[in-house]
Amino acid sequence: MQDLYQNLHHMINFRHTLTNEPRPMDFHQHQDQYEIYFFLTGDVHYFIEKQVYHLQYGDLLIMHSNELHRPNFQSKKQRYENCVIHFNPALLENLNSSQFDLLHCFNNRKFGEQNRMRLNPQQIDDIMKIYERMELYTRPQALPGSDILFVAAFTELLVFINRIFLNQGKQEEQVMIPDKLSSLFTYIDENLDQDLSLEVLEHVVFMNRSYLCRLFKKHTGSTIHEHILFKRINKAKQLLREGSTVTDTCQLAGFNDYSNFIRTFKKAVGLPPRQYQAQQRRV
């Protein structure tokens, strides 16, 4: 537990953000980090894997480290407020009980599904009180022992979220993604090592490439090329962690040019593939 307190704000990173000019964000994931996102104000469509959620006040999103996501702001100037927590799931090994798994809601659902919980007014009030205490405990003038209370409040938050998740069951989400785009996402995921040019994709979904690009941008806030590139980088990271050679990884992740793969991977990850693989072996 001492390691937790020595690296507390790296293990549990809490942010309460308010801005009137939110900056566009790329597709992203948080390696070895899970995310809890609590939405307060703004006009935001939130993309997670193959779902797009039109957020309303009090919506709670949960994402594990492998789920691709990004907010898509519907206007450049807007009041945007949220509370976000990124945390290392390994720290919960000492906090779980034999009867209650604090990571249940993250790990026991299908990939890219059941990410949103729509809270009722009482639940919103309850969770706001937990966040207010967490924010209080992180202030520079916080009293001694506030780090312990911060961890206790975070643990309470996870119990709260899991209880909601367990009680709500599997709810049907209102899908904002057109069927054509859902088919496109599935095809891309299953064919990352194949040709995914626009010429190919427009025939896959039987749609003119110009219209397909506009539709994709409208619903995700990004381009098809950016989406494919991120998916391929993520696939490459997975292959390297599993022990594939850099050469095999290049081919299996859909990068036909080795030099381009090395440059692209280093730009996206911050390390060349071989160094990334060596670092993962040390973890």
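Being a predicted model, the structure only gives us computed values, none of them experimental. For the single chain, residues carry numbers from 1 onward in sequence order.
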Check: Could you go step by step and tell me if Asn13 and Arg15 meet the side-chain contact (heavy atoms from CB on, under 4.5 Å) rule?
Finding: CA-CA 7 Å; Asn13 182 265; Arg15 296 195 316 274; 3.4 Å; yes
Next item on the list: Could you please spell out the steps behind the ring-ring contact (aromatic ring centres under 6.0 Å, His included) verdict for His86 and Tyr34?
Entry: CA-CA 6 Å; His86 297 116; Tyr34 286 10; over 10 Å; no
Checklist line | Exam field: side chain His219 to backbone Leu215, donor-acceptor pair closer than 3.5 Å | finding: no
Next item on the list: Could you state whether Phe38 and Met25 fall into the same hydrophobic cluster, counting links through intermediate Ile, Leu, Val, Met, Phe, Trp or Tyr residues with side-chain heavy atoms under 4.5 angstrom apart?
Entry: no
Check: Residues two or more places apart in sequence or in another chain: which of them pass salt bridge (charged side-chain N to carboxylate O under 4.0 Å, His left out) with Glu35?
Finding: none
Check: Are any side-chain N or O atoms of Asn7 and backbone N or O atoms of His10, one a donor and one an acceptor, separated by less than 3.5 Å?
Finding: no
Check: To the nearest 0.5 Å, how far apart are CZ in Phe111 and CD1 in Ile48?
Finding: 10.5 Å
Note to self: Could you measure the distance from the CD1 atom of Ile228 to the CG atom of Leu192? Nearest 0.5 Å is fine.
What the structure shows: 8.0 Å
Checklist line | side-chain contact (heavy atoms from CB on, under 4.5 Å) between Tyr80 and Leu18, intermediate numbers included | finding: CA-CA 6 Å; Tyr80 175 58; Leu18 172 61; over 6 Å; no
Margin query: Would the distance check show the side chain of Gln194 and the main-chain N or O of Asn191 forming a donor-acceptor pair, the cut-off being under 3.5 Å?
Written below: no
Next item on the list: Check for a donor-acceptor pair, side chain of Arg232 on one end and backbone N or O of Phe255 on the other, with a separation under 3.5 Å.
Entry: no
Next item on the list: Work out which heavy atom in Val269 is nearest to a heavy atom in Tyr276; give both atom names and the distance.
Entry: CG1-CD1, 3.7 Å
Note to self: Students often mix this up, so state it plainly: with edges at 30° and 60°, are the rings of Tyr46 and His69 parallel, tilted or perpendicular?
What the structure shows: parallel
Item checked: Glu242 and Gln238: side chain donor to acceptor below 3.5 Å -> yes
Check: Do Asn82 and Leu40 have side chains that get closer than 4.5 Å, going by heavy atoms?
Finding: no
Next item on the list: Output yes when Glu21 and Arg79 qualify as a salt bridge under the 4.0 Å nitrogen-oxygen rule, no when they do not.
Entry: no
Margin query: Taking the side chain as everything from C-beta on, heavy atoms only, tell me whether Leu68 gets closer than 4.5 Å to Lys231.
Written below: yes
Check: After noting the C-alpha distance and the side-chain angles of Val84 and Ile36, does the key distance pass the side-chain contact (heavy atoms from CB on, under 4.5 Å) rule?
Finding: CA-CA 6 Å; Val84 177; Ile36 302 168; over 6 Å; no
Next item on the list: Look up atom CG in Leu119 and atom CG in Asp126, then write down how far apart they are to the nearest 0.5 Å.
Entry: 9.5 Å
Checklist line | Tyr53/His45 aromatic ring centres below 6.0 Å | finding: no
Next item on the list: Side-chain contact test, heavy atoms from C-beta onward, threshold under 4.5 Å: evaluate it for Arg23 versus Phe73 and give yes or no.
Entry: no
Next item on the list: Please name the pair of heavy atoms, one in His104 and one in Asn162, separated by the smallest distance, quoted to 0.1 Å.
Entry: CB-OD1, 3.4 Å
Check: If you group Ile, Leu, Val, Met, Phe, Trp and Tyr by side-chain heavy-atom gaps below 4.5 Å, do Leu196 and Leu252 land in one group?
Finding: no
Check: Hey, mind stepping through Arg241 and Gln277 against side-chain contact (heavy atoms from CB on, under 4.5 Å) and telling me if it holds?
Finding: CA-CA 6 Å; Arg241 290 196 300 269; Gln277 189 175 54; over 6 Å; no
Next item on the list: Name all residues meeting the ring pair (Phe, Tyr, Trp, His ring centres under 6.0 Å) criterion together with His16; count only those two or more places apart in sequence or in a different chain, and write none if there are none.
Entry: none
Margin query: Please verify the inter-ring angle class for Phe185 with Phe47; under 30° counts as parallel, over 60° as perpendicular, anything in between as tilted.
Written below: tilted
Item checked: Electrostatic pair Glu113-Lys50, nearest N-O below 4.0 angstrom -> no
Checklist line | Neighbour count >12 (heavy atoms, 6.0 Å) for atom NE2, His54 | finding: yes
Notebook entry, point to check: Got a sec, which residues hit salt bridge (charged side-chain N to carboxylate O under 4.0 Å, His left out) with Lys129, two or more places apart in sequence or on another chain?
Noted result: Asp125
Check: Same cluster or not: are Leu181 and Phe230 linked, directly or through other Ile, Leu, Val, Met, Phe, Trp or Tyr residues, by side-chain heavy atoms under 4.5 angstrom apart?
Finding: yes
Checklist line | Which atom of Thr220 lies closest to which atom of Asn72, heavy atoms considered | finding: C-ND2, 3.7 Å
Notebook entry, point to check: Is there a side-chain contact between Ile224 and Leu198 (heavy atoms, below 4.5 Å)?
Noted result: yes
Next item on the list: Taking Thr155 for its side chain and Val151 for its backbone only, find out whether a donor-acceptor pair lies under 3.5 Å.
Entry: yes
Note to self: Quick check: is Phe100 connected to Ile62 through a chain of hydrophobic side chains (ILVMFWY, heavy atoms under 4.5 Å apart)?
What the structure shows: yes
Notebook entry, point to check: Who are the ring pair (Phe, Tyr, Trp, His ring centres under 6.0 Å) partners of His9, not counting sequence neighbours?
Noted result: Phe150
Margin query: Could you check whether any side-chain heavy atom of Ile262 comes within less than 4.5 Å of a side-chain heavy atom of Pro273, counting everything from C-beta outward?
Written below: yes
Item checked: Minimum-distance pair of heavy atoms, taken over all atoms of Ala153 and Ile130 -> O-CG2, 3.5 Å
Next item on the list: For Asn260 and Tyr258, test the side chains for any donor-to-acceptor distance below 3.5 angstrom and give the result as yes or no.
Entry: no
Margin query: For a 4.5 angstrom cut-off between non-hydrogen side-chain atoms, does Leu149 reach Met134?
Written below: no
Note to self: Once salt bridge (Lys or Arg N to Asp or Glu O under 4.0 Å) is applied, what residue pairs with a partner in residues 206-223 remain, sequence neighbours excluded?
What the structure shows: Glu202-Arg209
Note to self: When you measure from the side chain of Ser75 to the backbone of Gln78, do you find a donor-acceptor pair of N or O atoms at a distance under 3.5 Å?
What the structure shows: no
Item checked: From Leu157 atom CG to Tyr131 atom OH, the distance as rounded to the nearest 0.5 Å -> 4.5 Å
Checklist line | Pairwise side-chain contact, Gln56 with Arg118, heavy-atom cut-off 4.5 Å (strictly under) | finding: yes
Notebook entry, point to check: Counting N and O atoms only, with roles assigned by atom type, does the side chain of Asp193 sit under 3.5 Å from a partner on the main chain of Gly254, one being a donor and the other an acceptor?
Noted result: no
Notebook entry, point to check: Looking only at heavy atoms, which two atoms of Phe265 and Leu271 are closest? And how far apart?
Noted result: CD2-O, 3.2 Å
Check: Rounded to the nearest 0.5 Å, how far apart are CG of Leu55 and CD of Gln74?
Finding: 10.0 Å
Notebook entry, point to check: Looking at side-chain heavy atoms only, is the closest gap between Phe261 and Asn256 below 4.5 Å?
Noted result: no
Note to self: Show the nearest heavy-atom pair for residues Ala253 and Leu239, with the distance to one decimal.
What the structure shows: N-CD1, 4.2 Å
Note to self: For a quick check under 3.5 Å, do Glu67 and Asn115 share a side-chain donor-acceptor pair by atom type?
What the structure shows: yes
Next item on the list: State which residues pass ring pair (Phe, Tyr, Trp, His ring centres under 6.0 Å) with Phe154; sequence neighbours excluded, sorted by chain then number.
Entry: Phe87
Notebook entry, point to check: Hey, what do you get for CG (Leu166) to SG (Cys105), rounding to the nearest 0.5 Å?
Noted result: 8.0 Å
